[in-house]
Asks: 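Here it is, the structure, as structure tokens.
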Amino acid sequence: MSPEEINDQHPLLRGLNSVQQEAVTRTEGPLMIIAGAGSGKTRVITHRIAWLITEKQVHPWRIFAATFTNKAAKEMRYRVLQLCQSADAKKLAIGTFHAQCAAILRRESDSAGLTPQYTICDSSDQIALLRNCVDELGFDKKHLTPGSAQEIISLAKMKLLEGQEAYDFIEARRGEQYARVYERYQQHLRKSDAVDFDDLLLLVVKIWQDNPAILEHYQSRYQYILVDEYQDTNLAQFEIVRLLAGKHHNLCVVGDEDQSIYSWRGAEITNLLEFQERFPDAFIIRLEQNYRSTGSILEASHAVISRNTQRLGKRLWTDGAKGDPIIVLEGANETDEARRIAEQIARLRYSGTPLDEMAIFYRVNALSRVYEDALRQAQIPYRVVGGIRFYDRKEIKDLIAYLQVIVNPGNLIALLRIINEPKRSLGDTAVSKLVGYAHDNNSSVFEVLLDPTLLAAAGLKGKTANSASTFANMIAQWRYKAEKVTPRELVESILAQTGYKEAMGDPKAIETAGRLENIDEFLNALDEFHEQMPEAALFDYLELIALRGADEGEVGGTGSVSLMTIHNAKGLEFDVVFIAALEKDIFPNARAVREQNHNEEERRLFYVALTRAKKRAYLCNAWARRLYGHTEPAYPSIFLNEIPRDMRISLKEAMDRED
């Protein structure tokens with residue numbers, strides 16, 4: 001039966017081109033789908049899952065589908081459910097790698113030395129704990145920052161190193177002090193019955209490597225494996241995929257080497273480039289028809305990316321319009337460049353382009369101020385994508401920490417966050433005594449808090465000891481209450497007994513009023529969770545919060561121009577894109593090229609930025625720019641010159657054409 005005949009007869013294939021149809025229906029054995037930007041990969045993945053369920057009669061719970069963001073997972077699940085219209089489809093295991101591994105680790109926690117109620121520490125929890133470790137060890141935080149410690153520890157775990165191997169790796173890279181911080185950090189995690197995000201992957205790999213029977217169980221359960229954004233996988237994620245597919249080889253990976261831009265956080269492009277070497281019987285399908293951008297944008301994108309050597313080879317094309325040439329916008333300095341961008345946005349808005357279909361991209365966050373100033377002066381609404389997330393705001397983190405301690409009082413990270421929040425006479429000195437005594441006597445800080453004898457032995461007395469006992473007793477009461485009241489009622493009890501709101505200050509103050517509104521919204525969120533999952537336990541809610549991941553806020557429909565770094569732009573699309581500050585040493589970024597030899601990755605980053613544009617792209621630069629307090633001459637980025645002259649025109653030429 002020809003593809004045309006299949007297309008006419010089967011609703012799951014209707015509207016797909018012949019290459020997409022093959023990607024959907026070739027279900028057996030290893031398959032690599034090289035999916036170019038705007039080639040409809042999400043549609044292919046979801047239709048492929050639906051095909052497995054409806055046509056191959058595969059039980060949904062036998063399919064393992066992994067992606068990198070909660071937003072993408074949610075979208076895929078929604079689409080699959082729409083296509084299948086089956087109650088069983090709700091059992092589909094689709095989610096981020098971390099969410100999938102968190103679920104596996106809950107079931108196999110005993111093999112990892114954890115309880116099923118273990119705590120997941122997010123990034124800010126890690127920083128807080130690492131800061132405490134640095135203090136405990138007496139190291140100078142100016143030279144050994146918690147952020148740099150987190151970075152090297154994460155890198156070690158992504159390389160599947162633990163124990164002495166991780167210690168040696170960190171010591172070789174950063175020195176003995178960093179290695180000792182890692183050692184103390186791991187001790188606190190174990191005592192707190194806690195894991196960080198990297199542990200979720202590392203521990204699942206170790207369990208499978210050390211327990212063949214457990215691995216065989218999951219290999220038998222998951223008969224079909226799909227991985228989206230495969231070019232972004234790190235070593236731990238690759239190993240999860242390799243082990244899981246080791247029995248049946250029904251592995252489908254979807255990726256694009258030209259959009260691999262996350263090596264700085266552990267992604268290994270070789271996972272995609274060497275897929276055929278690792279799976280010799282793999283079949284390759286290339287999705288090259290682009291449904292997003294004009295022909296001019298695709299030609300310019302190819303002219304740049306084709307200079308890279310780390311490629312599998314593809315060329316995007318479209319049967320749509322050729323569209324406008326690439327427009328080069330130049331300014332005398334950064335202020336002039338920003339003003340000209342704002343003028344073009346105003347003109348396009350007047351011509352009918354919605355503000356939410358326009359975006360300004362820049363290489364680093366520090367560059368945003370001048371564009372924000374220009375838009376404000378032009379009275380153009382804008383939003384900076386990537387602000388502080390709701391669940392990262394201080395008052396929300398505090399309340400979540402209270403709930404984490406109620407669920408797991410051994411969680412030292414959460415306990416240290418709230419032990420003196422609001423103030424209750426348990427300052428740094430008292431906390432240091434508690435932590436030190438607990439560590440030396442192999443007990444938890446909460447156990448010390450509960451026992452007056454141990455408090456005295458730790459050196460706490462008088463008002464400090466009374467405050468410690470009162471705090472511990474409140475936690476004990478809330479633990480009892482947690483099984484009898486709703487999450488909202490529990491938090492309201494915490495707020496009332498601790499005087500948390502009162503301690504925030506004058507409720508009429510703008511900052512305090514905003515924080516109080518955040519607390520009210522958090523209570524609303526707890527209500528919604530309870531209404532949707534009335535039988536769920538409190539730790540289910542905490543896991544849901546921990547796995548929310550990075551802010552992926554709504555971009556469309558806001559009535560404002562979007563400003564963001566190019567890394568934040570991946571996966572988005574706009575009618576009009578302005579790529580700003582395209583200048584030597586800024587983009588490509590001099591530090592990335594000099595220190596990490598990432599010239600090809602910088603080019604991929606430019607390619608990602610350009611292929612976000614659907615109808616028109618502006619490449620912007622200034623001839624002078626103020627950086628680090630000085631105004632210096634600026635020179636155009638090499639990426640500008642890599643686009644042939646006949647594919648780009650100046651802003652003046654573009655406006656003359658329109659006149």
Side-chain angles (χ1 to χ4, degrees), residues 296-297 299-301 303-305 307 324-348 358-375 377-378 382 561-569 574 576-594 598-599 601-613 616-656:
S296 294
I297 292 170
E299 288 175 8
S301 302
V304 176
I305 200 63
R307 294 172 179 263
D324 299 323
I326 304 299
I327 300 171
V328 178
L329 183 156
E330 298 174 325
N333 53 40
E334 75 275 15
T335 304
D336 188 43
E337 176 211 25
R339 178 184 60 79
R340 288 171 179 260
I341 290 174
E343 287 176 351
Q344 290 305 301
I345 289 173
R347 188 180 63 81
L348 290 165
M358 292 185 272
I360 302 174
F361 299 157
Y362 33 80
R363 178 60 181 85
V364 293
N365 263 317
L367 293 168
S368 73
R369 180 193 60 81
V370 67
Y371 307 110
E372 293 187 57
D373 287 347
L375 292 172
Q377 290 169 11
Y382 71 91
V561 178
S562 295
L563 277 65
M564 68 191 79
T565 65
I566 300 169
H567 283 97
N568 282 332
F574 301 88
V576 181
V577 162
F578 296 83
I579 307 177
L582 266 171
E583 296 150 27
K584 183 177 182 290
D585 293 339
I586 293 179
F587 195 15
N589 181 272
R591 180 179 175 185
V593 173
R594 181 178 63 252
H598 282 173
N599 197 55
E601 181 156 321
E602 290 291 298
R603 187 174 283 109
R604 292 194 292 268
L605 198 56
F606 177 77
Y607 173 83
V608 166
L610 193 51
T611 54
R612 300 309 94 195
R616 181 176 289 193
Y618 291 79
L619 307 183
C620 313
N621 68 287
W623 289 100
R625 186 171 296 273
R626 186 175 181 84
L627 293 171
Y628 312 114
H630 301 283
T631 298
E632 301 288 348
Y635 303 95
S637 166
I638 59 170
F639 299 146
L640 278 166
N641 293 326
E642 289 177 355
I643 297 175
R645 185 65 186 85
D646 62 354
M647 295 183 187
R648 52 189 166 94
I649 59 175
S650 69
L651 178 61
K652 183 179 184 304
E653 289 175 304
M655 296 186 71
D656 287 345

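Source: prediction; values computed, not measured.
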Asks: Is the shortest side-chain heavy-atom distance between V364 and T565 below 4.5 Å?
Replies: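 Side chain of V364 against side chain of T565, heavy atoms only: no contact under 4.5 Å found.
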Asks: One thing to verify: whether E653 and R645 come together as a salt bridge, which I'm taking to mean a side-chain N less than 4.0 angstrom from a carboxylate O.
Replies: yes
Asks: Report yes if some heavy atom in the side chain of N333 is under 4.5 Å from a heavy atom in the side chain of W623; otherwise report no.
Replies: no
Asks: With side-chain contact (heavy atoms from CB on, under 4.5 Å) as the criterion, how do E583 and Y635 come out once you've worked through the C-alpha distance, each side chain's angles and the decisive distance to 0.1 Å?
Replies: CA-CA 5 Å; E583 296 150 27; Y635 303 95; over 6 Å; no
Asks: Is there a donor-acceptor pair under 3.5 Å between the side chain of Y618 and the backbone N or O of I579?
Replies: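 Not a single qualifying donor-acceptor pair exists.
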Asks: With rounding to the nearest 0.5 angstrom, report the CG to CG distance, L329 to D336.
Replies: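 Here the rounded value is 8.5 Å.
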Asks: Within this structure, what is the CZ-OG1 distance for the pair F606 and T611, rounded to the nearest 0.5 Å?
Replies: 10.0 Å
Asks: Got a second to check how far L651's CG is from D656's CG, nearest 0.5 Å?
Replies: 9.5 Å
Asks: Using side chain to side chain donor-acceptor pair (under 3.5 Å), reason through Y371 and E334 one step at a time and then give a plain yes or no.
Replies: CA-CA 9 Å; Y371 307 110; E334 75 275 15; over 6 Å; no
Asks: Tell me the closest heavy-atom pair linking I360 and I345, and the distance in Å.
Replies: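 Residues I360 and I345, closest heavy atoms: CD1-CD1, 4.0 Å.
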Asks: Testing the basics here: between V577 and A609, what is the closest heavy-atom pair and its distance to 0.1 Å?
Replies: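 Minimum heavy-atom contact is CG1-O, 4.0 Å.
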Asks: Does any part of the side chain of S637, heavy atoms only, come nearer than 4.5 Å to the side chain of N621, both counted from C-beta?
Replies: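 Side chain of N621 against side chain of S637, heavy atoms only: no contact under 4.5 Å found.
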Asks: Identify the heavy atoms of E642 and V304 that sit nearest to each other, and give their distance.
Replies: OE1-CG1, 3.4 Å
Asks: Quick check: closest heavy atoms across A342 and A374, and the distance to 0.1 Å?
Replies: CB-O, 4.0 Å
Asks: A side-chain contact here means heavy atoms from C-beta on lying under 4.5 Å apart; do R648 and N641 qualify?
Replies: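 Yes. Closest side-chain heavy atoms under 4.5 Å.
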Asks: Between F574 and F361, does the side-chain contact (heavy atoms from CB on, under 4.5 Å) criterion hold? Intermediate values first, please.
Replies: CA-CA 11 Å; F574 301 88; F361 299 157; 4.0 Å; yes
Asks: Report the residues that fulfil salt bridge (Lys or Arg N to Asp or Glu O under 4.0 Å) with R363, sequence neighbours left out, ordered by chain and then residue number.
Replies: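 Per chain and number, R363 pairs via salt bridge (Lys or Arg N to Asp or Glu O under 4.0 Å) with E602.
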Asks: Minimum heavy-atom separation for L605 to I566, with atom names?
Replies: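 Smallest interatomic distance, heavy atoms only, reads O-CG2, 3.4 Å.
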Asks: Between I586 and A581, what is the shortest heavy-atom contact and its length?
Replies: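 Of all heavy-atom pairs spanning I586 and A581, the closest is CG2-O, 3.4 Å.
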Asks: Would you say I643 and V328 make side-chain contact, with heavy atoms under 4.5 Å?
Replies: no
Asks: Under 4.5 Å between any side-chain heavy atoms of V576 and L348, yes or no?
Replies: yes
Asks: Hey, are R340 and E343 close enough for a salt bridge, meaning a charged N less than 4.0 Å from a carboxylate O?
Replies: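 Not counted as a salt bridge, because no side-chain N and carboxylate O are separated by less than 4.0 Å.
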Asks: Show, in sequence, the C-alpha distance, side-chain angles and deciding distance for L640 and K584, and conclude whether the side-chain contact (heavy atoms from CB on, under 4.5 Å) test is met.
Replies: CA-CA 10 Å; L640 278 166; K584 183 177 182 290; over 6 Å; no
Asks: Please lay out, stage by stage, how Q377 and R339 fare under the test side-chain contact (heavy atoms from CB on, under 4.5 Å).
Replies: CA-CA 9 Å; Q377 290 169 11; R339 178 184 60 79; over 6 Å; no
Asks: Nearest 0.5 Å, please: how far is CD in Q344 from CE in M655?
Replies: 5.0 Å
Asks: Rounded to the nearest 0.5 Å, what separates atom OG1 in T335 from atom CZ in R625?
Replies: 9.0 Å
Asks: Rounded to the nearest 0.5 Å, what separates atom CD1 in I305 from atom CZ in F639?
Replies: 8.5 Å
